[in-house]
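Order of appearance sets the numbers: ligands from 1, and atoms from 1 within every ligand. In this text, all values refer to a predicted model and were calculated from it rather than measured experimentally.
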Amino acid sequence: MIKSKKQFICQSCGNIYSRWIGKCEQCNQWNTIIEENNSKPSGVLSKSTGKRINFEKLNDVNYEYSKIKTNLNELDRVIGGGFVPGSVTLIGGDPGIGKSTLLLQIVGKLSDQKEKCIYVSGEESLSQIKMRADRLGVNNNEIEFASITNASDIAITINSEKKRCVLVIDSIQTMYLPQLDSSPGTVSQVRASAHELILAAKKTNTILILIGHLTKDGAIAGPKVLEHMVDTVLYFEGDNNFQYRILRSFKNRFGANNEIGVFEMLSNGLKEILNPSAIFLSDRQKNISGTSIFAGLEGTRPILVEIQALVTHSTLATPRRVIVGWDISRLAMLCAVLEARCKIHLSNMDIFLNIAGGIKLFEPAADLAVAAAIISSVKNIPLSFCSVFFGEVGLSGEIRKVNQPELRIKEASKLGFNKINLPTKQKVIISEDMRYNNLSVLSDLVELINKDNRD
Ligand code: TYD
Ligand code: MG
């Protein structure tokens with residue numbers, strides 16, 4: 001027997017309340033709590049339901065683990081070599097970032113390899129999709145399109161397919177199950193529709209790709225459980241003002257985390273960028289203070305990015321800290337260390353920090369490069385044009401080791417950098433034509449910047 005019960009669910013974090021309130025106590029968001037009907041089968045605990053499970057031995061389990069390459073190299077790198085049959089991938093991103101464009105290009109590529117592809121859009125009409133496909137040059141007539149939102153119809157269709165297929169759902173927030181009372185986009189609908197589609201995909205070995213919207217905080221809209229239910233979670237990031245887009249793996253059951261792929265949005269779709277460091281550094285200017293180069297690592301890929309800092313006298317009681325692409329609490333920590341250990345006074349200064357090219361950095365290894373940019377700006381001393389930095393800064397001002405220094409140095413050397421500023425404790429295989437500055441505490445960096453200017 002199905003018993004219907006009213007619930008109030010926060011659309012931001014999925015927390016459940018028995019009555020309506022204006023502000024969610026869990027995630028502190030206002031006006032996110034919506035009434036939803038929750039249909040739960042009663043009597044689940046009664047003895048008459050359910051049956052004994054037949055367990056299996058792993059030696060008796062066979063699996064097909066061939067990855068299907070899309071031949072979009074940047075995408076293949078992010079998903080760990082290709083799509084695994086029966087896997088579910090969730091791609092989240094801001095509106096207009098290019099999710100639908102990317103997915104249409106993916107089905108175009110997969111269809112060229114004779115994979116059966118189905119593209120279901122709940123957001124666009126077929127004529128809109130055709131316009132986009134013409135623009136992208138995706139003209140493979142084998143791809144099947146539908147503009148529907150009923151998830152249970154889609155699941156039934158997939159179950160009746162004889163052959164493994166690739167199914168794209170654009171987007172999971174538009175899908176609904178008619179059995180549930182709540183409207184599409186609510187937590188229960190998103191969760192239930194995803195569950196239905198995932199079950200069908202696992203049963204038929206279908207490669208399921210779900211597009212997800214982002215909330216204003218940057219998380220995938222709907223319940224967090226959605227991210228647990230799928231095998232791979234990718235974020236498509238970038239600034240709408242830049243043409244560069246970064247696809248980042250956030251969770252991947254078949255490959256490395258935090259792997260990135262870089263694309264450029266052109267008038268005829270997304271183009272891969274095979275050497276992103278060169279692109280990120282292409283607009284650099286000589287003899288400007290406040291910029292440094294960070295030799296970073298995104299997943300397994302080394303990448304060089306320019307860090308720009310501007311430190312000016314503040315007229316405000318609380319000086320401004322404006323950051324694009326880095327973590328604000330990390331900057332506060334770094335400023336405190338610079339203040340306490342190096343006597344660089346920042347408490348009455350506004351600090352503006354920008355990671356050029358619209359990329360976001362998460363690595364603690366960027367600390368040293370950020371510190372170098374800030375010191376260079378405060379002292380108005382340009383840093384050497386061919387030097388790169390990497391190292392984590394601790395609270396006592398010590399510079400700590402980071403992982404994979406060789407990869408970072410190789411990338412720097414490939415792009416013509418020959419001064420490497422790195423932690424003292426870092427063990428590296430030193431090549432002859434590179435100059436290494438080993439820094440053990442942050443004040444060594446201040447000294448180095450002063451000295452470089454005198455040379
Ligand atoms: P879209 O894929 O619709 O974004 P999403 O599905 O993430 O909302 O992309 C829309 C943006 O991309 C839009 O601003 C126009 C731009 N665009 C191009 O620059 N070139 C193209 O070839 C296409 C199809 C879109
Ligand atoms: Mg779209």
- Task: Heavy-atom distances under 4.0 Å are what count here, so tell me which part of Ile211 touches ligand 1: side chain, backbone, both or neither.
- Result: neither
- Message: Residue-level breakdown please: for Met265 versus ligand 1, do any non-hydrogen atoms fall below 4.0 Å on the side chain, on the backbone, on both, or on neither?
- Response: side chain
- Just wondering, are more than 12 heavy atoms of other shown residues or ligands nearer than 6.0 Å to NZ in Lys67?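 Count over threshold, so yes.
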- Item | Every N, O or S from the protein that is nearer than 2.8 Å to the Mg ion (ligand 2) | Ser100 OG
For [range], which residue pairs pass the ring pair (Phe, Tyr, Trp, His ring centres under 6.0 Å) check, not counting sequence neighbours?
{"range": "residues 160-188", "result": "none"}
{"range": "residues 95-118", "result": "none"}
{"range": "residues 99-140", "result": "Tyr119-Phe145"}

- Message: For ligand 1, which is the ligand I care about here, please tell me if Gly269 has any N or O atom under 3.5 Å from one of the ligand's N or O atoms.
- Response: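 Min N/O separation from ligand 1 is below 3.5 Å for Gly269.
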- Is NZ or CZ of Arg408 both nearer than 6.0 Å to the six-membered ring centre of Phe390 and within 45° of the ring axis? yes
- Query: Can a cation-pi geometry be assigned to Lys286 and Phe385, taking NZ or CZ under 6.0 Å from the six-membered ring centre and within 45° of the ring axis?
  - Reply: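 Yes, cation above the ring, under 6.0 Å and within 45°.
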Numbered atoms of ligand 1 (with element) below 4.0 Å of [X], judged on heavy atoms:
{"X": "Asn268", "value": "22 (O)"}
{"X": "Leu266", "value": "18 (C), 19 (O), 20 (N), 21 (C), 22 (O)"}
{"X": "Leu136", "value": "22 (O), 24 (C)"}

- Message: Any heavy-atom pair between the side chains of Val388 and Phe294 that's under 4.5 Å?
- Response: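 No; the side chains remain at least 4.5 Å from each other.
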- Just wondering, do Asp350 and His313 contact through their side chains at under 4.5 Å, heavy atoms? no
- Query: Are Lys116 and Glu144 ion-paired here, with the side-chain N under 4.0 Å from a carboxylate O?
  - Reply: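 Counted as a salt bridge, because a side-chain N and a carboxylate O are separated by less than 4.0 Å.
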- Item | Selected option - heavy-atom contact closest to atom 18 (C) of ligand 1, from Glu123, Arg132, Met131, Arg135 |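 Residue with the shortest heavy-atom distance to the ligand atom: Arg135.
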